[in-house]
Amino acid sequence: MINLNPQRKKLRLQGYDYALSGGYFVTVCANQHGNAFGVVDGGEVVLNEIGKMVRDCWLETPNHYPNVILDEFIVMPDHFHGILFITEPNVGERHASPVKHSRVIDTHSHPGENEKKRATHASPLQDGKIEKPISLGVIIGSFKSAVTRKNNLMRKTPGKKLWQRGYHDRIIRNEAELNQIRHYVINNAIKQEQLEIFNQI
């Protein structure tokens with residue numbers, strides 16, 4: 001079972017290099033619990049304006065970090081789940097471990113969007129310098145900042161905090177675990193709605 005307990009003290013795996021190539025399951029929580037990003041209706045998430053910003057900023061991630069490949073994700077009313085792969089920054093063909101043929105998967109996008117969002121090849125050189133691997137923390141921090149900046153600009157609320165501090169991550173160690181997490185993400189809205197109905201009984 002995937003442990004998403006927000007009270008856990010150690011959010012990072014001690015001694016692990018978060019710039020290594022591989023797969024990660026990430027959870028980011030909204031600052032205030034409630035329907036910050038939308039509502040669950042009929043087992044589907046209906047996103048509000050902020051929720052759509054979260055979705056769009058996440059899909060833009062490979063444009064800013066070419067060695068990142070996105071997989072399943074979902075924007076929930078008060079949190080975000082996403083699977084991503086960090087590939088080697090200096091390889092020609094982008095094969096993300098443990099999946100041989102990775103691609104952007106967005107179950108909430110319009111047909112054809114996935115192909116447009118497919119990550120580009122990473123270049124080993126930039127301005128004559130060897131590119132350094134980008135860590136998971138930098139990627140998630142950039143994503144959170146982008147959403148906060150756009151939200152505060154739209155609502156004219158400079159400095160307002162949108163996210164909880166930090167994030168939760170899980171290293172995906174094999175394909176079986178990846179499929180389990182994918183299943184969890186895809187069915188997250190249905191499970192939450194069932195839990196809410198159960199709590200009302």
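Within the 3.5 Å criterion, the main-chain N or O of R165 finds no donor-acceptor partner in the side chain of K144. For the pair T61 (side chain) and W58 (backbone), a donor-acceptor distance under 3.5 Å is present. Using modelled atom types, one side-chain atom of N187 and one backbone atom of H183 make a donor-acceptor pair closer than 3.5 Å. Checked by atom type and distance alone, the side chain of N152 pairs as donor or acceptor with a backbone atom of K160 at under 3.5 Å.
With rounding to the nearest 0.5 angstrom, the NZ atom of K52 is 14.0 Å from the NZ atom of K150. Taken from CD1 in I140 to CG in D169, the straight-line distance is 8.5 Å, to the nearest 0.5 Å. Of the inter-residue distances, the one linking H168 atom NE2 with H81 atom NE2 reads 10.0 Å to the nearest 0.5 angstrom. Here the OG1 atom belonging to T27 is positioned 11.5 Å from the CD1 atom belonging to I74, to the nearest 0.5 angstrom. Note that the CD1 atom of I181 and the CD atom of E72 stand 12.0 Å from one another [nearest 0.5 Å]. Taking SG of C57 as the start and CG of N63 as the end, the distance is 11.5 Å to the nearest 0.5 Å.
Within 6.0 Å of NZ on K161 lie more than 12 heavy atoms contributed by other residues, nucleotides or ligands. Annotation for H64: atom NE2 counts as buried by contact number, over 12 foreign heavy atoms lying within 6.0 Å.
Classified by interplanar angle (parallel below 30°, tilted 30° to 60°, perpendicular above 60°), the ring pair F25/Y184 is perpendicular.
Checking N67 against T87 by side-chain atom types alone, no donor-acceptor pair falls below 3.5 Å.
Between F37 and F80, the ring center distance fails the sub-6.0 Å criterion.
Between M76 and V40 the shortest side-chain heavy-atom distance falls below 4.5 Å. In this structure the side chain of I171 reaches within 4.5 angstrom of the side chain of Y24, judged on heavy atoms. Between L136 and L84, the closest side-chain pair of non-hydrogen atoms falls below 4.5 Å. With a 4.5 Å cut-off on side-chain heavy atoms, R55 and V45 do not count as touching. Looking at I50 and R155, their side chains come closer than 4.5 Å, going by heavy atoms from C-beta outward. A 4.5 Å side-chain heavy-atom check between I139 and I86 finds at least one atom pair inside the cut-off.
Other residues sharing a hydrophobic cluster with V39 under the 4.5 Å side-chain heavy-atom criterion for ILVMFWY residues are V46.
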* Working for side chain to side chain contact (heavy atoms under 4.5 Å, CB included), residues N151 and M154 -> CA-CA 5 Å; N151 175 63; M154 179 187 72; 4.2 Å; yes
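For the pair G38 and N48, the tightest heavy-atom approach, listed with the atom from each and the gap, is N-ND2, 3.3 Å.
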